[in-house]
Amino acid sequence: MKIIHTVAEMQAHSESLRNNGQTLAVVPTMGALHAGHLSLVKLAKSRADQVILSVFVNPLQFGANEDFDKYPRDIKNDEHLARQAGVDILFYPSRKELYPEHYHSYVCVDTLTEYFEGDIRPDHFKGVTTVVSKLFNITKPHVAVFGEKDAQQLAVIRKMTRDLNFDIDILAGSIVREKDGLAMSSRNVYLSKAARVEATILFKTIELVKSSLNNGFHDIEALLAQAKTNLKKAPLATVDYVQLVDAETFKPAQSLLQGKAYIFILAVKFGSTRLLDNLHFTM
Ligand code: AMP
C-alpha cells in the first residue's frame with residue numbers, strides 16, 4: 001500500500017494511473033477505522049482497479065464546541081486495517097496541506113443542508129462539501145463511496161455532485177452494525193458503559209418502524225409517535241429529531257407514495273455524544 005501525504009503527489013499519481021487505463025475509487029474517512037469503513041473499501045474494490053482511502057479529520061466540519069480535538073485518531077492502526085482490507089493508496093494529508101494559510105474557498109449546497117444535521121450543526125455541511133470537493137479534485141476518482149449511515153451527508157454529496165457536474169459515480173454502502181444492532185461509529189467510544197447499553201434503542205426503534213411498515217402501517221404521524229414512545233425506554237437518551245423524510249430532498253414526508261424512496265432518520269444524544277441512525281426504504 002502506497003502512503004501519500006501531499007496534494008501534488010496524490011494528483012500526479014492519480015493522473016498517471018488514469019493515463020494507464022486504471023479506474024479509481026475514493027473512500028473519504030476521518031480515520032479511527034472500523035468495519036463500517038472497511039465495508040466501503042470492499043464496495044470500492046468491486047467497482048474500481050485502484051482504491052484510495054483518505055484519512056483526514058476535517059476541522060471545517062466541526063463546530064466550535066464540538067469534538068475536533070478529542071476526535072479519536074490512530075493512524076498506525078488505520079494503516080494496518082487499510083492494508084489488510086486491500087487499500088491501494090492511503091491519502092493522509094496534514095491540515096496545512098489541505099488548508100494552507102490564507103485559505104478562503106468553500107463549497108455550499110443550499111436548502112438540503114438547512115434541516116436536521118444542518119440545523120443543529122451550522123456550517124457542518126459546508127465543511128463536508130468543501131473537503132469532499134477538494135478530495136475529488138485531488139484524487140481524481142471515477143467512483144466515490146460513502147455510507148448510508150450518514151444519510152443526509154450522502155444526499156448532500158449526491159446533490160453537489162449533480163449540481164456541480166463532478167464526473168464521478170457516487171456509491172452508497174449499507175450501515176454496518178455491532179452485534180447488538182448499534183451502528184458502528186468512531187464516536188461510539190465516547191459512550192459511557194450505561195449509555196452504550198441504552199444506545200441499542202436506536203436500532204430497536206428502527207426495527208419497530210420497519211416491522212410496522214411491513215405490516216402495512218403507513219400513517220406517518222402514528223409511526224413517528226410509536227418511535228418516540230419507544231425511545232422513551234432509554235432514560236439517558238435525549239432525542240434531537242425523529243422524522244420520516246423524502247430520500248432526495250430530506251423534506252418531511254406528507255404521505256408514503258408507491259415506488260418512492262424514503263428515510264426514517266433519528267438523532268439521539270447520550271450526554272454530549274450524538275448518535276445517528278436511519279432506515280432507507282422504498283414503498
Ligand atoms: P467518518 O470517518 O465517520 O467520516 O465516515 C467515513 C465514511 O464511512 C462516511 O461515508 C460514513 O457514512 C461511512 N460510515 C461510517 N460509519 C459507517 C457504518 N457503520 N457503516 C457503513 N458506513 C459507515
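We number each residue from 1, following the sequence as shown. Both backbone and side-chain heavy atoms feed into the values below; hydrogens, waters and symmetry mates do not. Each ligand, and each atom within it, is numbered from 1 in the order the structure gives.
Contact annotation for S174 and ligand 1: only backbone heavy atoms (N, CA, C, O) come within less than 4.0 Å of the ligand. When non-hydrogen atoms are compared, ligand 1 lies under 4.0 Å from neither the backbone nor the side chain of V145.
The protein non-hydrogen atom at the shortest distance from atom 12 (O) of ligand 1 is D150 OD2, 2.6 Å. Among all protein heavy atoms, the one lying closest to atom 1 (P) of ligand 1 is H37 NE2, 3.6 Å. Given atom 10 (O) of ligand 1, the protein heavy atom at minimum distance is G147 N, 2.8 Å. Residue, atom and distance of the protein heavy atom nearest to atom 13 (C) of ligand 1 are L40 CD1, 3.6 Å. When only non-hydrogen protein atoms are considered, atom 20 (N) of ligand 1 lies nearest to V176 N, 2.9 Å. Shortest contact from atom 6 (C) of ligand 1 to any protein heavy atom: P28 O, 3.4 Å.
The distance from the CG atom of D123 to the OH atom of Y106 is 9.5 Å, given to the nearest 0.5 Å.
Ligand 1 places these atoms under 4.0 Å from at least one heavy atom of G36: 18 (C), 20 (N), 21 (C), 22 (N). The ligand atoms of ligand 1 that sit less than 4.0 angstrom from a heavy atom of M184 are 16 (N), 17 (C), 18 (C), 19 (N). Counting the atoms of ligand 1 from 1 in the order shown, those under 4.0 Å from a heavy atom of F146 are 10 (O).
Atom 23 (C) of ligand 1 has its nearest heavy-atom neighbour, among R177, K149, M30, in K149.
For H34, the closest heavy-atom approach to ligand 1 falls below 4.0 Å. Heavy atoms of A35 come nearer than 4.0 angstrom to ligand 1 in no pair at all.
Remark: the Y262 side chain and the E248 side chain contain no N/O donor-acceptor pair separated by less than 3.5 Å.
Taking the charged nitrogens against the carboxylate oxygens, K76 and E79 do have a contact shorter than 4.0 Å, which makes a salt bridge. E15 and R18 are not joined by a salt bridge, as no carboxylate oxygen comes within less than 4.0 angstrom of a charged side-chain nitrogen. Between K2 and D88 there is no salt bridge, since no side-chain nitrogen of the basic residue lies less than 4.0 Å from a carboxylate oxygen of the acidic one.
Proximity of the aromatic rings of F250 and Y115 is defined here by a centroid distance below 6.0 angstrom, and this criterion is not met.
Remark: R95 fails to qualify as a cation-pi partner of F62 under the 6.0 Å distance and 45° angle criteria applied to the six-membered ring.
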As a quick check of understanding, evaluate salt bridge (Lys or Arg N to Asp or Glu O under 4.0 Å) for R121 and D240, giving each step before the final call. CA-CA 12 Å; R121 307 180 68 189; D240 267 352; over 6 Å; no
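Not one N or O on the side chain of Y99 forms a donor-acceptor pair closer than 3.5 Å with the backbone of H104.
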